[in-house]
Number of protein chains: 2
Amino acid sequence: MTEQRGPDRGSTGDPEGGGPGEPAHGRAAGRGADRGRVVPEATVARLAVYLRVVTVLGGQGAATVSSDELAAAAGVNPAKLRKDLSFLGSYGTRGVGYDVHLLVEEISRVLGVTRHRNVVLVGVGNLGRALAGYGGFASQGFTIAALFDADSARVGEKINGLAVQDMSVLAASCRTAKVTIGMIATPAEAGQQVCDQLIAAGVTCILNFAPIVLSVPDGVDVRKVDLAGELQILSFHERRKSAGLEEVG
Amino acid sequence: MTEQRGPDRGSTGDPEGGGPGEPAHGRAAGRGADRGRVVPEATVARLAVYLRVVTVLGGQGAATVSSDELAAAAGVNPAKLRKDLSFLGSYGTRGVGYDVHLLVEEISRVLGVTRHRNVVLVGVGNLGRALAGYGGFASQGFTIAALFDADSARVGEKINGLAVQDMSVLAASCRTAKVTIGMIATPAEAGQQVCDQLIAAGVTCILNFAPIVLSVPDGVDVRKVDLAGELQILSFHERRKSAGLEEVG
DNA sequence: AACGGCTTGTGAAGACTTGCACAAAGTCGG
DNA sequence: CCGACTTTGTGCAAGTCTTCACAAGCCGTT
């Protein structure tokens with residue numbers, strides 16, 4: 001069992017396996033367009049931001065964009081942006097900037113979102129229902145192909161035109177639709193079991209909204225969205241700002 | 001305007017201000033219980049996880065817990081956990097472990113969640129509605145004190161017993177309830193304007209669900225939850241695993 | 001064709017984070 | 001009271017990430 005890949009940092013997720021010097025990803029050395037480079041985890045997380053920003057710029061009719069402009073729009077340091085993009089290859093033109101359309105294509109390619117991807121969602125409670133109806137997934141190339149819930153009272157219910165299915169057909173459904181990404185929006189108690197079922201169904205990437213730490217075998221990536229945790233982190237900063245005005249002892 | 005503090009890393013968020021060597025937080029040197037230390041951003045993010053895990057352990061009746069057990073439950077390296085906890089002070093007993101109850105208290109104190117905190121939520125669309133009804137906030141000490149929406153058709157609607165209010169009363173409401181944490185769950189277009197209004201109302205910490213990069217003045221912390229972005233990161237890893245089986249050129 | 005201006009791509013330095021390994025310190029049985 | 005055992009707290013080394021600064025390269029003008 002490896003530890004999960006948290007959203008806060010991009011650890012190797014293999015604390016007992018290889019040494020700390022091992023790069024985060026198997027090196028795809030020599031594969032032309034990737035320039036034989038390994039893309040750092042921190043860069044991958046930012047590529048998603050760049051993709052969104054540059055897509056908007058493209059929609060506004062911009063043909064090229066400089067690293068300074070793009071960095072400002074993405075809220076990062078220009079040098080960092082250039083280095084991030086350099087991992088994809090040399091797609092900028094010195095003296096001019098980056099071709100907006102080309103950049104969208106290349107980032108999409110590296111992120112693997114050139115085609116729509118199917119995902120499944122398990123747990124259609126309060127949060128799951130919102131995720132099922134969230135328009136932001138479709139606009140970024142993700143289609144929720146199936147919904148599942150362990151509660152038989154919810155099975156059959158239609159959400160956003162998609163019927164909630166019983167957990168018993170999860171494996172078959174995932175394999176048919178070739179789904180490799182699953183989202184868990186169940187209560188904490190059910191999270192690990194659902195996770196195991198997803199993996200048994202062939203899912204290798206999991207986005208976890210349940211407030212638990214999932215155990216997964218090697219080769220499975222987990223990212224966690226911890227809503228209350230985010231507030232706690234903000235709370236820390238808030239407390240820091242008010243510098244000891246409360247609970248001095 | 002500083003860049004925002006993203007969920008992926010804990011940057012200083014002040015690229016033009018002080019030098020890069022400046023620690024992330026003003027040092028509260030000499031304040032007894034804090035041992036004069038600065039808590040690294042990466043540690044803060046993990047404290048939220050530890051708090052949840054150790055709370056569960058406490059509920060199961062455990063009196064003490066060793067760093068190995070706690071680290072396994074939190075999915076991190078034991079040495080990292082011990083170093084993280086050492087920033088709070090020496091609250092473990094060598095040869096025994098950590099007192100569960102004391103640990104809950106100390107982590108809560110550092111995170112500033114010893115008392116309930118009020119937060120406001122702007123935008124009660126699909127996602128906002130789910131957040132308003134999400135039980136995970138209350139269980140971690142956060143109360144959604146007020147809901148707001150720019151759409152007058154939604155104003156007055158009751159969600160989870162709380163009425164949606166008009167944006168015009170946001171400032172007054174925030175000041176009355178002493179709210180310093182705001183959540184933005186609006187469409188992208190409205191995000192920046194809502195952000196500005198929240199800051200004008202005295203909010204200094206923002207949790208942003210809108211898919212945009214917010215510009216905020218110094219002293220305001222922003223964390224972003226990018227749902228589609230998370231899927232894109234997973235998509236990258238998925239593509240990496242299937243190693244060039246698609247689009248070789 | 002050469003020049004000046006602008007912007008990318010990257011080497012190098014520095015800051016931050018991680019994880020090992022072990023000294024320090026406490027408990028428990030005798 | 002002592003010695004063996006357990007576990008914390010941390011110095012240190014290694015790795016990752018960020019940022020600066022500048023050489024390399026492209027475009028338009030002369």
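The chains referred to below are lettered A, B, ... by the order of the sequence lines, with proteins before strands, and numbering in each begins at 1.
- Put simply, A:Tyr98 has a side-chain N or O that comes within less than 4.0 Å of OP1 or OP2 on C:dG9.
- Closest to the A:Lys83 side chain, of the nucleotides C:dG11, D:dT7, D:dG9, is C:dG11.
- Taking 4.0 angstrom as the limit, A:Ser67 places a side-chain polar atom (N or O) nearer than this to OP1 or OP2 of C:dT8.
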For this session: Under the side-chain contact (heavy atoms from CB on, under 4.5 Å) rule, what do A:Tyr50 and A:Leu81 come out as? Steps first, then yes or no, please.
Result: CA-CA 9 Å; A:Tyr50 303 155; A:Leu81 180 133; 3.7 Å; yes

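- Closest-nucleotide positions on DNA chain C for A:Asp68 and B:Thr43 were compared, and the one nearer the 5' end corresponds to A:Asp68.
- Under the 4.5 Å side-chain criterion, counting only non-hydrogen atoms from C-beta, A:Met183 is not in contact with A:Phe142.
- One interatomic measurement links the two molecules: CG of A:Leu70 to P of C:dG9, which rounds to 12 Å at whole-angstrom precision.
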Would you list the protein and nucleotides 28-30 of chain C atom pairs, both N or O, that sit under 3.5 Å from each other?
none

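- If you take NZ of A:Lys80 and P of C:dG14, they are 19 Å apart, rounded to a whole angstrom.
- The nearest pair of heavy atoms linking A:Asp221 to B:Arg240 is OD2-NH2, 3.8 Å.
- As a whole-Å value, the separation of B:Glu41 CD from D:dT18 C1' is 15 Å.
- Contact record, B:Pro187 with B:Ala210: O-CB, 4.3 Å, taken as the closest heavy-atom pair.
- Straight-line distance from the CZ atom of B:Arg82 to the C1' atom of C:dC22: 11 Å, rounded to whole Å.
- Listed by chain and number, the residues in a side chain to side chain donor-acceptor pair (under 3.5 Å) with A:Thr186 amount to none (sequence neighbours excluded).
- Remark: P of D:dT7 and CD of B:Glu69 are 8 Å apart, rounded to the nearest angstrom.
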Exercise. Between A:Leu127 and A:Leu227, does a side-chain contact (heavy atoms from CB on, under 4.5 Å) hold up when you go through it step by step?
Worked result: CA-CA 11 Å; A:Leu127 190 56; A:Leu227 299 175; 4.1 Å; yes

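- Taking 4.0 angstrom as the limit, A:Arg46 places a side-chain polar atom (N or O) nearer than this to OP1 or OP2 of D:dT18.
- Side-chain proximity of B:Ser66 to D:dT10, C:dG9, D:dT7: nearest is D:dT7.
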Pairs under 3.5 Å (N/O, protein and nucleotides 26-30 of chain D):
unit_1 : atom_1 : unit_2  : atom_2 : d
D:dC26 : O4'    : A:Arg94 : O      : 3.3

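- Checking A:Leu57, A:Val53, A:Asp99 one by one against A:Val65, the side-chain contact (heavy atoms from CB on, under 4.5 Å) holds for a single residue, A:Leu57.
- Across every non-hydrogen atom of B:Ile199 and B:Pro217, the tightest pair is CD1-CD, 3.7 Å.
- Counting heavy atoms from C-beta outward, A:Leu231 and B:Arg223 have side chains that stay 4.5 Å or more apart.
- Taking atom CG of residue A:Leu85 and atom C1' of nucleotide C:dT7, one finds them 13 Å apart after rounding to whole Å.
- Here C:dG19 is the nucleotide among C:dG19, D:dC20, D:dC17 with the atom lying nearest to any side-chain atom of B:Asn77.
- None of B:Val213, B:Asp226, B:Ile212 except one satisfies the side-chain contact (heavy atoms from CB on, under 4.5 Å) rule with A:Arg52; the exception is B:Asp226.
- Atom P of nucleotide C:dT8 and atom CG of A:Leu103 are separated by 11 Å, given to the nearest angstrom.
- Spacing between atom CG of B:Leu81 and atom C1' of C:dT17 amounts to 15 Å, rounded to whole angstrom units.
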